[in-house]
A.B. asks: 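Sharing a structure here in structure tokens format.
Each ligand, and each atom within it, is numbered from 1 in the order the structure gives. Numbers for residues simply follow the sequence, beginning at 1.
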Amino acid sequence: MTALGSAARPEPQSFERVLSSMCTEPHPAAREAATHFLATNPGDPDTYPAVAALEREVVSMLGDVVDHQDPTGYVATGGTEANIQAVRAARNLAATDDPNVVGPESLHFSFQKAADVLDVDLRLAPVDEDYRADVDAIADRIDDDTVLVVGIAGTTEYGRVDPIPALSDVARDADARFHVDAAWGGFALPFTDEQWNFAHADIDTMTIDPHKLGQAAIPAGGFIATDERTLDALAVDTPYLESTGQATLTGTRSGAGVASAHAALSAQWPDGYRENYETGMNLATWFAEEMRVRGYDVVSPHHPIVAVDIPTGDFEALTEAGWRLARTSAGELRVVMMPHVTRDSLAGFLADVDDLASS
Ligand code: PLP
């Protein structure tokens, strides 16, 4: 056994063969800012005012990304926390004792955690043939106890955008709140024709994660709300802190995420993110075609995620070869064109696919 401190420092995972993750290399400015603000705690803004000021700016910058003039919110630990908070706010603001949340079956599993910890019934509706929320199926599951309807702007498995304006109408008709989960898609969709943000629909809350396509350091999620009422519904008194109230789910949290989100947005919005999106989309289109000509069934990419139906044996062999891969719930291989994924790395992957075919 080696004495503490004498072992060689372990290396983190290289991104070279990581094809299915929604995390990526932070932007160099984000990495630097994260280190600089590592010891600050935005959970106590009166004691750590510098990072608190940065956080207010991040929320305003995220407002630019999601087309909201005057957003409120905070930098969460990630999409999971932001989604839990959206459900929590809706539950706390509603009058019912038996609340339910309605969304498509493509919802991220963080909503199952939300339903579990908040004791809310989660009702999932089937998606249409293009993996998008079916508005009629959602409407069928809504009743007087529905406190929240959820739509996704960039699904985890196929990168699809639900019909956000129609879902918002359905939520309003039912007097329910409406949440959009743009955890992954939020930094891609501004460069598309998709109708996904506050300019297109009546949205109460949104998740948009700087630590995914925003290229901030982990942990940096974004919880955006249209009004202070939402944060009030989440806030508790914090008697022993210098600051006297807290709306976040976590208590102490890392200023690294806040500062790195600020640095990444300052460096990249909008041109850097546009470039990332265009590069990712070109790679997705090219890779999808390369897999198709090799005889695989491919789910056409609308955004930079490609799902490919490959046999289990091939999936396992490629994993053995060191590729870090994940599958959709239907079993397809899923490749997410994050900024670290290059044409060279995909060419290496395709060469391994060809080796499998010839062996
Ligand atoms: N929402 C969507 C659409 C996601 O794709 C993810 C993660 O991939 C999340 C929420 C959860 O985000 P996190 O892992 O940062 O908590």
A.B. asks: Using the ring pair (Phe, Tyr, Trp, His ring centres under 6.0 Å) criterion, which residues pair with His340? Sequence neighbours excluded.
C.D. replies: Phe15
A.B. asks: When you look for protein heavy atoms under 4.0 Å from ligand 1, which residues do they belong to?
C.D. replies: Met22, Gly78, Gly79, Thr80, Asn83, His108, Gly154, Thr156, Asp181, Ala183, Asp209, His211, Lys212
A.B. asks: Could you pull out all residues at least two apart from Arg294 that satisfy salt bridge (Lys or Arg N to Asp or Glu O under 4.0 Å)?
C.D. replies: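 Here the qualifying residues are Glu290, Asp354.
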A.B. asks: Just checking, any donor-acceptor pair under 3.5 angstrom between side chains of Arg177 and Thr230?
C.D. replies: yes
A.B. asks: Would you say the side chains of Tyr273 and Gln215 form a donor-acceptor pair under 3.5 Å?
C.D. replies: no
A.B. asks: Does anything in residues 28-39 form a side-chain hydrogen bond (donor to acceptor under 3.5 Å, both in side chains)? List the pairs, not counting sequence neighbours.
C.D. replies: Glu25-Arg31
A.B. asks: So, does Arg172 use its side chain to make a donor-acceptor pair with the main chain of Ala176 at under 3.5 Å?
C.D. replies: yes
